[in-house]
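Read the structure below first, then the notes.
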Amino acid sequence: CDFDDSSRLSSWSTSVKRPPGDLLAAPAPMLAEEQLALLHRVIAILRHGEERWYRPVLELCARDEFEPLRPFLAHFLLGFVPGRAAAAELPELSLLLGLLEGLALAPRGAELYLHQCLHTALFLCLSPALGTLGNEGRGVLGTAGARRRAAALLGEVVRRYRD
């Protein structure tokens, strides 16, 4: 079937028989507008490094109301952390690890996106790029502490899901 020919495609789509009264309806949106706006705000805070918002973001993400947004945040972190790891300062690394901990150790639903959290935490453990840019005055201990924290998260996930 040649789908570049719009007339053939439209004739194919109109030839599908539906029971009488069967209406095609758009699926319900996955997130409400308020949830989507909140997710966008959290992502903006992460992208722009607004340190004064780090604690409120961690508290917000731990709330039950944030549960439907967790898979989307896990997916965002999967792509964001590798690009940010080299330049991240300790407060930002702490925020990213706190978010990963909150996502991976959530009381319900983490199985849906746990693979993304594990990949991101493993990256933080093993990446030679972690903290290589702009680490004047930070020292190796800060980076090593972040690596240990990511490794502890991986260990806790393994303990939680060992059965």
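By the 4.5 Å heavy-atom criterion applied to side chains, Leu36 and His40 are counted as neighbours. Annotation: side chain of Leu38 is in contact with side chain of Phe66 (closest heavy-atom distance under 4.5 Å). Taking the side chain as every heavy atom from C-beta outward, Glu101 and Arg149 approach each other to under 4.5 Å. Residues Phe80 and Leu96 meet the side-chain proximity criterion, which asks for heavy atoms closer than 4.5 Å. Taking 4.5 Å as the limit, every side-chain heavy atom of Val57 sits out of range of all side-chain heavy atoms of Leu60. With contacts defined as side-chain heavy-atom distances shorter than 4.5 Å, the pair Tyr161/Leu114 qualifies. With a 4.5 Å cut-off on side-chain heavy atoms, Leu73 and Leu46 count as touching.
Summarising the geometry, atom CD1 belonging to Ile45 is positioned 12.5 Å from atom CD belonging to Glu92; distances are rounded to the nearest 0.5 Å. Between the CZ atom of Arg63 and the CG atom of Leu58 there is a distance of 13.5 Å, given to the nearest 0.5 Å. With rounding to the nearest 0.5 Å, the separation of CD in Glu67 from CG in Leu112 is 9.0 Å. Atom-to-atom distance recorded for Leu77:CG and Tyr113:OH is 11.0 Å, nearest 0.5 angstrom. Rounding to the nearest 0.5 Å gives a distance of 6.5 Å between CG of Leu124 and CG of Leu100.
A donor-acceptor pair is defined here as one N or O able to donate and one able to accept, closer than 3.5 Å; no such pair exists between the side chain of Arg70 and the backbone of Ala104. Judged purely by atom type and a 3.5 angstrom limit, Gln116 uses its side chain to pair as donor or acceptor with the backbone of His75. For Tyr54 (side chain) and Ser94 (main-chain N/O), no donor-acceptor pair under 3.5 Å exists by modelled atom type.
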- prompt: side-chain contact (heavy atoms from CB on, under 4.5 Å) between Arg108 and Asp64: does it pass, once the steps are laid out?
  reply: CA-CA 9 Å; Arg108 312 178 284 289; Asp64 289 339; 3.7 Å; yes
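Neither Leu78 nor Leu126 shares a network with the other; the hydrophobic side chains, linked directly or stepwise wherever heavy atoms of I, L, V, M, F, W or Y lie under 4.5 Å apart, form separate groups for each.
In this structure, Glu33 places its CD atom where only 12 or fewer heavy-atom neighbours from other residues, nucleotides or ligands lie under 6.0 Å away. Residue-environment remark: CZ (Arg47) stays at or below the threshold of 12 foreign heavy atoms within 6.0 Å. Counted within 6.0 Å of CZ on Arg41, heavy atoms from surrounding residues, nucleotides or ligands total more than 12; the atom is thus considered enclosed.
Residues Pro68 and Leu31 come closest through the heavy atom pair O-CD2, 4.0 Å.
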